[in-house]
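Notes follow once the structure below has been shown.
Labels below follow one simple rule: chain letters A, B, ... track the order of the sequence lines, proteins then strands, and each chain is numbered from 1.
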Protein chains: 2
Amino acid sequence: MATIRDVAKLADVSVSTVSLALSNPARVSPKTLEKIRQAVAAVGYVADPLAQSLARGRSRMIGFVVGNVGNPFFGDIRRELENYALDHQHFVVVTDSSGKTDRERAMVEHLIGLKAAGLALAPSGYDRDYIDFIGGLNVPIVCFDQKVAGIERDFVGSDNHLAGAMLTEHLLQLGHRRIAFIAGPSHMHTATERYRGFVDTMANAGVEVNPNFVVDGQFTRTAGYEAAMRLLIQPERPTAILGANNAVALSALQAMQELGFRCPDDISLAMIDNVQWSSVITPRITMVVQDTLALGGIIARRLMHRITSPQSAVEPPQDFVLTPKFVPGNSCRRI
Amino acid sequence: MATIRDVAKLADVSVSTVSLALSNPARVSPKTLEKIRQAVAAVGYVADPLAQSLARGRSRMIGFVVGNVGNPFFGDIRRELENYALDHQHFVVVTDSSGKTDRERAMVEHLIGLKAAGLALAPSGYDRDYIDFIGGLNVPIVCFDQKVAGIERDFVGSDNHLAGAMLTEHLLQLGHRRIAFIAGPSHMHTATERYRGFVDTMANAGVEVNPNFVVDGQFTRTAGYEAAMRLLIQPERPTAILGANNAVALSALQAMQELGFRCPDDISLAMIDNVQWSSVITPRITMVVQDTLALGGIIARRLMHRITSPQSAVEPPQDFVLTPKFVPGNSCRRI
DNA sequence: TGATTAAATCGAACCGGTTCGATCAAACTG
DNA sequence: CAGTTTGATCGAACCGGTTCGATTTAATCA
């Protein structure tokens with residue numbers, strides 16, 4: 001591998017001139033520049049990014065840290081970020097914490113060690129320790145998905161209260177009153193907001209929420225399945241189930257199928273967030289989806305702005321909250 | 001941030017001794033070791049991975065390069081690799097090429113620039129240029145999923161011929177004769193093997209393959225959908241469709257639903273590879289799935305072996321081909 | 001034309017580690 | 001006790017770049 005010294009030798013200039021020529025061609029005379037260009041081509045020189053990062057104290061690498069890269073929600077955002085970053089000479093490396101806070105932390109530390117230029121982070125923690133950790137990082141960070149109280153960073157996400165409200169309203173308008181809600185972890189902002197959206201809308205409509213109809217699905221497949229089972233074996237069953245995310249809603253569908261309930265004939269179902277192949281799932285689930293492309297675009301632009309413009313450090317963190325979209329399916333019937 | 005020189009100063013030893021003590025404690029006297037340990041703790045020293053990588057010429061980072069992290073097939077493998085790597089003090093960074101060969105190449109070059117310890121690579125290319133590129137890399141690499149002729153590396157994958165054969169056999173035994181096949185790109189090893197499995201099994205059974213019943217779905221959603229449509233609008237329709245991967249098969253299901261065909265009553269469907277939430281798709285698709293956990297485990301062990309054991313460089317590349325598993329659903333009916 | 005200023009280039013220090021040959025004292029050999 | 005081996009430690013070079021103050025060269029002005 002050719003080094004910058006090889007280039008310098010061949011072009012008969014100093015190493016520092018080569019470095020200067022490569023990073024700021026305008027400050028070098030045209031004819032030296034040409035000599036250097038030829039030498040670079042001749043030896044096939046490519047700068048070592050590691051050495052550059054060490055010397056500069058910054059790399060051109062953006063860390064994308066999420067709990068589940070397999071989730072299409074994150075996938076879309078990743079793609080948007082990646083395209084944008086690539087256009088600005090930055091690379092995205094993805095790390096998956098599998099939802100584990102300590103692993104996420106190790107990964108973030110690793111990325112910081114690599115002198116990452118910036119981080120797009122879907123936070124998985126919420127306690128003091130975690131907040132202090134994130135807050136203490138001296139690197140541009142854009143948080144998304146989960147709004148964590150206490151983290152003073154740019155945030156990009158969707159209006160989750162509205163998401164819960166929209167589906168609740170839809171079910172109410174179809175005549176449902178016994179609406180069940182499979183919730184997510186109470187420490188997650190998205191989960192509590194969606195739940196509040198449900199509760200508030202029910203209250204506004206003057207419909208009482210049956211406490212037995214609110215179960216915790218942890219946003220996971222297994223817990224969602226159990227939660228759904230608990231709903232379905234009650235003597236007084238709900239007429240509609242609202243799943244606070246895709247995993248719990250689809251687990252509920254599975255539970256319904258296994259117990260022989262027809263959807264939507266026996267029980268209606270609605271969910272927040274899309275899944276891959278939702279179009280071939282029968283019935284097509286009525287859902288509220290996030291505008292992942294827009295989210296990804298905002299995250300990308302905001303992060304690159306923080307990275308590239310020096311004075312952005314003094315700009316206060318900003319929240320970007322997008323409106324989710326209602327996508328009707330045929331999983332909810334009028335009663 | 002404390003550097004190794006701070007530690008050396010405080011412990012009153014040379015920098016090289018500190019370095020030695022940290023990397024090979026046994027070669028340092030117990031009492032200096034203790035001094036150094038205390039100094040490390042006192043200044044809160046953590047080695048800069050960047051500087052280490054630069055000096056050593058190798059990092060502790062493993063690159064996981066695939067075409068679509070959203071595919072659960074890759075997701076499971078990634079998880080296995082990650083767990084194993086973490087146990088061996090290595091980190092996994094994921095890069096997604098979106099199936100684009102040139103982007104994959106850029107990402108691999110980037111990882112090499114970062115002095116990646118090794119690569120787990122699902123190759124996306126096949127031409128001379130690409131093969132030379134991969135072959136020229138001087139880093140441990142384990143390829144998986146796609147076996148590319150000409151790449152002399154460890155390979156981990158499934159018996160795709162068998163996968164195609166199993167489903168074909170299944171359909172034949174149910175009495176089907178007019179079996180259609182939605183194929184993948186002919187340059188992909190998995191695609192051609194699966195197709196051969198289909199053709200060979202048909203031939204063995206003495207059943208002729210209708211040329212109109214073999215269409216190209218490119219392993220993608222859109223092409224798969226079009227391919228399925230071509231099949232379904234023929235006056236003489238197939239009684240069963242075998243999708244060479246999950247995307248084309250599910251696109252076929254969607255096409256069937258849109259045209260009003262019932263599966264399996266009108267047309268049977270079988271596919272290779274699982275998808276997330278396949279359990280809630282109606283009907284439950286009969287499929288052959290790969291043992292992703294086992295694949296991931298083998299990839300992880302093989303790669304770590306190549307990385308950690310110096311003499312492994314002379315070991316010839318090895319192929320690991322696993323037997324896929326038949327998972328019956330209710331998308332195929334007897335006729 | 002000599003003084004002043006701007007532009008181009010260079011040398012050396014630095015980023016933060018690793019590595020290897022040299023040094024030196026202690027322990028071992030005959 | 002002189003000669004050799006061993007173990008601990010050190011100094012210096014190195015990995016491959018960047019950066020900045022100093023120096024040389026060229027251009028501008030009086």
Side-chain angles (χ1 to χ4, degrees), chain A residues 1-37 39-40 43-61 89 109-110 112-117 138-139 310, chain B residues 1-37 39-40 43-61 89 109-110 112-117 138-139 310:
Chain A
M1 201 83 284
T3 77
I4 198 172
R5 304 179 208 260
D6 300 327
V7 176
K9 202 162 296 171
L10 187 60
D12 195 31
V13 294
S14 77
V15 168
S16 49
T17 304
V18 177
S19 177
L20 187 62
L22 263 28
S23 64
N24 196 348
R27 287 227 309 259
V28 157
S29 79
K31 82 170 179 296
T32 359
L33 185 57
E34 187 48 32
K35 270 200 302 184
I36 291 172
R37 285 244 163 90
V40 165
V43 301
Y45 170 73
V46 179
D48 183 333
L50 227 53
Q52 283 184 308
S53 304
L54 180 62
R56 290 196 178 127
R58 279 274 149 269
S59 75
R60 300 194 148 282
M61 168 188 305
Q89 290 76 252
E109 276 170 345
H110 188 239
I112 299 291
L114 258 30
K115 310 276 187 296
N138 187 25
V139 121
Chain B
M1 202 84 286
T3 78
I4 198 172
R5 310 187 201 253
D6 300 328
V7 176
K9 203 163 295 172
L10 188 60
D12 196 32
V13 294
S14 77
V15 167
S16 48
T17 304
V18 177
S19 177
L20 188 63
L22 262 30
S23 64
N24 195 347
R27 288 227 309 259
V28 157
S29 78
K31 81 171 183 293
T32 5
L33 186 57
E34 187 47 34
K35 270 199 304 185
I36 291 172
R37 286 244 162 91
V40 165
V43 302
Y45 170 73
V46 178
D48 182 334
L50 226 55
Q52 282 184 306
S53 303
L54 179 61
R56 290 197 180 129
R58 281 273 148 270
S59 75
R60 300 194 149 281
M61 170 187 303
Q89 288 76 251
E109 276 169 344
H110 188 240
I112 299 292
L114 258 30
K115 309 278 188 295
N138 187 25
V139 119

Spacing of [X] atom [atom1] relative to [N] atom [atom2], expressed in whole Å:
X        : N      : atom1 : atom2 : answer
A:Leu20  : C:dA7  : CG    : P     : 14 Å
A:Lys115 : D:dT18 : NZ    : P     : 16 Å
A:Lys31  : D:dA26 : NZ    : C1'   : 10 Å
B:Ile4   : D:dA12 : CD1   : P     : 17 Å
A:Asp6   : D:dC15 : CG    : C1'   : 13 Å
B:Leu22  : D:dA8  : CG    : P     : 17 Å
B:Arg5   : D:dA12 : CZ    : P     : 13 Å
B:Arg58  : D:dG16 : CZ    : P     : 12 Å

Any side-chain N or O of [X] under 4.0 Å from OP1/OP2 of [N]?
X       : N      : value
B:Ser16 : C:dT18 : no
B:Ser29 : D:dT9  : yes
B:Tyr45 : C:dG16 : no
B:Ser14 : D:dC10 : yes
A:Thr32 : C:dT9  : yes

Contact class for [X] vs. all strands (heavy atom < 4.0 Å): base, sugar-phosphate, or nothing?
X       : value
A:Val18 : nothing
A:Val7  : nothing
B:Ser19 : base
A:Val15 : base

Can a donor-acceptor pair be found, under 3.5 Å and without considering hydrogens, that links the side chain of B:Thr17 to the backbone of B:Val13? no
Using a distance-only criterion (donor-acceptor N/O pair, under 3.5 Å, no hydrogens), is the base of D:dG7 paired with the side chain of B:Arg27? no
Measuring only between side-chain heavy atoms, which start at C-beta, is A:Arg58 closer than 4.5 Å to A:Val139? yes
Mind running side chain to side chain contact (heavy atoms under 4.5 Å, CB included) on B:Lys115 and A:Asp48 for me, showing each step along the way? CA-CA 10 Å; B:Lys115 309 278 188 295; A:Asp48 183 333; 2.8 Å; yes
Matching residue for A:Tyr45 among A:Asp6, A:Leu10, A:Ile36, A:Ile4 - test: side-chain contact (heavy atoms from CB on, under 4.5 Å):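 When side-chain contact (heavy atoms from CB on, under 4.5 Å) is applied between A:Tyr45 and each of A:Asp6, A:Leu10, A:Ile36, A:Ile4, only A:Ile4 qualifies.
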If you pin B:Ala26 and A:Met1 to their nearest nucleotides in DNA chain D, which one's is more 5'? B:Ala26
Could you tell me the separation between the [atom1] atom of [X] and the [atom2] atom of [Y], rounded to the nearest 0.5 Å?
X        : Y        : atom1 : atom2 : answer
A:Met61  : A:Leu114 : CE    : CG    : 5.0 Å
B:Ser59  : A:Leu50  : OG    : CG    : 7.5 Å
B:His110 : B:Ile112 : NE2   : CD1   : 11.5 Å

Whether the A:Ser29 and A:Thr32 side chains hold a donor-acceptor pair (N or O, under 3.5 Å, no angle test) is what I'd like checked.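 Indeed, the side chains of A:Ser29 and A:Thr32 share at least one donor-acceptor pair under 3.5 Å.
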Which parts of residues 48-56 of chain B get close to DNA chain C, meaning a heavy atom less than 4.0 angstrom away?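 Only B:Asp48, B:Ala51, B:Gln52, B:Leu54, B:Ala55, B:Arg56 qualify.
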